[in-house]
Amino acid sequence: MADVRDILELERPVTPELTKEALLNSKKRTVERKIVAKRPEGMHREVFALLYNDNKDAPPLLPTDTVSGYKKTKARLGMKKVRRWEWAPFVNPARTDGAVFHHWKRVTDEPKEYPFARFNKQLDIPTYTLNDYNAHLKTTKWTKQQTDHLFDLAKRFDVRFIIMCDRWERANYGIKSVEDLKERYYEVVGILNKVRNANGQGGVEKKVYVFDAEHERRRKEQLKKLFDRTSKQVEEEQQLLNELKKIEARKKERERKTQDLQKLISQADQQQTEHHQKEQQQHHSQTQPHGTQNTSHKKQDKKLNKKKIQQQPRTSKVDSVVSAVESAGIKFTDLRGTGVSLRSQKMKLPANVGQKKAKALEQALQEFKVDPNPPPVEDICVAFNELRSDMVLLCELRTALATCNFELESLKHQYEALCPGKTLNIPAALVNPPADESAGGMDVEGSMV
């Protein structure tokens with residue numbers, strides 16, 4: 001009868017409003033069911049258990065969102081009155097034409113601002129007067145009418161240059177490309193920012209963006225040529241790249257063979273020198289008298305030993321460290337491929353950087369408290385790569401300093417061993433601070449090998 005009264009819009013007795021709590025009321029019924037449900041023939045026991053709970057109650061008519069599940073809590077559908085809805089008007093604050101729209105909302109809900117109005121972001125398009133144009137913006141390529149039409153389109157279409165170029169009135173203002181519109185717009189914006197900042201009217205100083213129209217035209221032309229390549233041209237380019245790889249491989253092989261040949265030549269020269277020294281020694285011993293042969297032989301041995309010590313190349317780490325310092329730094333690859341790439345790939349360490357060098361670089365970043373993953377803005381990418389290259393050079397210099405100090409001490413001990421009773425005084429200009437103090441607590445001894 002309540003449903004019939006609602007359909008006929010007749011008055012009915014006042015009943016409390018239907019709420020979610022009332023629907024999900026889990027109180028036990030006072031009246032127990034007398035009829036016990038019986039499992040139908042042919043139905044499995046597991047399927048029958050899904051339909052009825054332990055109390056043999058009927059399954060709920062509506063799904064519930066409680067944790068206990070539908071077996072324990074059922075939706076209680078009573079005769080309570082549901083919440084009323086109304087067809088209410090609303091306005092969008094982002095519109096300026098005063099348009100009124102309608103939507104359904106509950107009567108009890110408080111009026112709120114249209115939620116999608118916060119997505120209406122307006123761009124700050126600068127304006128200029130006639131005096132500003134005559135004083136700063138006048139040019140031979142653009143007239144004032146064309147500039148006014150350009151900024152009118154920028155306001156209407158939120159600086160979407162593709163749409164602005166499509167809506168450009170070519171019959172009245174001539175033909176202009178997208179690059180021309182961008183170049184003129186950013187030129188005017190940059191001039192106005194400089195003038196107003198110089199006069200103290202600009203507030204917070206903004207970065208002036210300079211648009212290079214010629215570079216953009218060349219870029220699009222190159223992309224068009226790349227897109228218009230035929231399959232034959234692509235195959236030819238791939239063949240040329242493969243030939244280039246083969247040429248580089250042959251060049252490396254020739255360099256390796258040249259180095260091996262140079263080593264063999266140096267070894268042969270060294271053996272020839274040693275053989276010549278032995279022949280001279282034997283000839284000198286045969287020409288000496290018998291009485292003075294022993295004493296002269298001893299003196300000759302001492303001279304030869306001293307000469308050999310002078311001629312033998314001293315194993316030093318300084319040369320290797322100096323060569324490492326000269327080739328220090330990181331050479332980051334310039335990503336100029338044909339495909340799409342992320343700017344963050346410019347900050348990726350090259351593959352030729354060893355694990356020890358990468359570890360030392362990580363320690364240097366921690367020492368100077370530098371963020372290892374800065375935002376990949378173009379200026380930050382260039383500065384971050386230069387900083388890491390300088391850090392690698394700093395680590396190489398620290399290693400070279402420690403090696404030179406070690407070599408100085410080693411030479412001092414060798415001199416004192418060869419000349420007993422004498423002390424080698426190292427000049428003050430060659431005395432450097434200890435490696436541990438100059439390195440700032442880093443492990444520089446052999447860390448960049």
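Keep in mind it's a predicted model, so treat the numbers as computed, not measured. The basis for the numbers below is simple: all heavy atoms, side chains too, and nothing from hydrogens, waters or symmetry mates.
- Partner of L401 under the side-chain contact (heavy atoms from CB on, under 4.5 Å) criterion, chosen from T399, T403, N405: N405.
- Among the candidates Q222, E216, H215, the single residue satisfying the side chain to side chain donor-acceptor pair (under 3.5 Å) test with R219 is E216.
- Nearest heavy atoms, P126 versus L192: CB-CD1, 4.0 Å.
- Side-chain atoms of R45 do not come within 3.5 Å of backbone N or O of R39 as any donor-acceptor pair.
- At least one donor-acceptor pair closer than 3.5 Å links the side chain of Q146 to the backbone N or O of Y173.
- Applying side-chain contact (heavy atoms from CB on, under 4.5 Å) to L361 and the options Q366, M391, K356 leaves one that passes, M391.
- Between K359 and Q363, the closest side-chain pair of non-hydrogen atoms falls below 4.5 Å.
- Atom CD of Q233 has more than 12 heavy atoms from other residues, nucleotides or ligands within 6.0 Å.
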* Run the side-chain contact (heavy atoms from CB on, under 4.5 Å) check on W142 and L137 step by step: do they pass? -> CA-CA 9 Å; W142 286 74; L137 305 178; over 6 Å; no

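- Other residues, nucleotides and ligands place no more than 12 heavy atoms under 6.0 Å from the CD atom of E378.
- Ion pairing between a basic and an acidic side chain is recognised when a charged N comes within 4.0 Å of a carboxylate O; E237 and K225 show no such pairing.
- Using a 4.5 Å cut-off on side-chain heavy atoms (C-beta onward), F384 and D371 make no contact.
- Of the inter-residue distances, the one linking S266 atom OG with K263 atom NZ reads 8.5 Å to the nearest 0.5 angstrom.
- Judged by distance alone, the side chain of R229 and the main-chain N or O of L226 form a donor-acceptor pair under 3.5 Å.
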* Asked: So E253 and R256, salt bridge (charged side-chain N to carboxylate O under 4.0 Å, His left out) or not? Walk me through it.
  -> CA-CA 5 Å; E253 184 67 20; R256 187 182 64 80; 2.3 Å; yes

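- A donor-acceptor pair is defined here as one N or O able to donate and one able to accept, closer than 3.5 Å; such a pair exists between the side chain of T258 and the backbone of R254.
- Within the 4.5 Å cutoff, the side chain of E86 has heavy atoms near those of the K105 side chain.
- The local environment of CD1 in I175 is sparse, with at most 12 non-hydrogen atoms from other residues, nucleotides or ligands closer than 6.0 Å.
- One distance of note links CZ of R95 with CZ of F101; it measures 4.0 Å at 0.5 Å rounding.
- Heavy atoms from other residues, nucleotides or ligands lying under 6.0 Å from NE2 of H102 number more than 12.
- Between the CG atom in N385 and the CG atom in L349 there is a gap of 8.5 Å [rounded to 0.5 Å].
- Side-chain contact between Y114 and H103: absent, with no pair of heavy atoms (C-beta onward) separated by less than 4.5 Å.
- Environment of NZ in K220: crowded, with over 12 heavy atoms of neighbouring residues, nucleotides or ligands closer than 6.0 Å.
- Taken to the nearest 0.5 Å, the CZ atom of R184 stands 5.0 Å off from the CD atom of E187.
- Nearest heavy-atom pair across A358 and V353 is N-CG1, 4.1 Å.
- With rounding to the nearest 0.5 Å, the separation of NZ in K144 from OH in Y128 is 5.5 Å.
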* Mind running side-chain contact (heavy atoms from CB on, under 4.5 Å) on V188 and F151 for me, showing each step along the way? => CA-CA 10 Å; V188 173; F151 275 79; 3.3 Å; yes

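- Side chains of M347 and P374 form a contact here, defined as non-hydrogen atoms less than 4.5 Å apart.
- Using a 4.5 Å cut-off on side-chain heavy atoms (C-beta onward), D132 and V195 make no contact.
- The minimum heavy-atom distance linking V100 with P89 is given by the pair CG1-CB, 3.9 Å.
- Nearest heavy-atom pair across K141 and K176 is O-NZ, 3.6 Å.
- Between the N193 side chain and the V189 main chain, a donor and an acceptor come within less than 3.5 Å of each other.
- In this structure, L181 CG and H149 NE2 are separated by 9.0 Å, a value rounded to the nearest 0.5 Å.
- By the neighbour-count criterion of 12 heavy atoms within 6.0 Å, atom CD of E255 is densely surrounded, having more than that number from other residues, nucleotides or ligands.
- With a 4.5 Å cut-off on side-chain heavy atoms, S231 and V234 do not count as touching.
- Closest of all the heavy-atom pairs between P93 and A117 is CD-CB, 3.7 Å.
- Nearest heavy-atom pair, M164 versus L153, reported as atom, atom and distance to 0.1 Å: O-CD1, 3.6 Å.
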* To do: Would you please test E214 and R217 for salt bridge (charged side-chain N to carboxylate O under 4.0 Å, His left out) and show each step?
  => CA-CA 5 Å; E214 292 298 328; R217 292 190 185 96; 3.1 Å; yes

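- Listed for the D180 side chain is a donor-acceptor partner under 3.5 Å among the backbone atoms of S177.
- Results of the ring pair (Phe, Tyr, Trp, His ring centres under 6.0 Å) test with F161 over F211, Y185, W168 single out Y185 as the only residue that passes.
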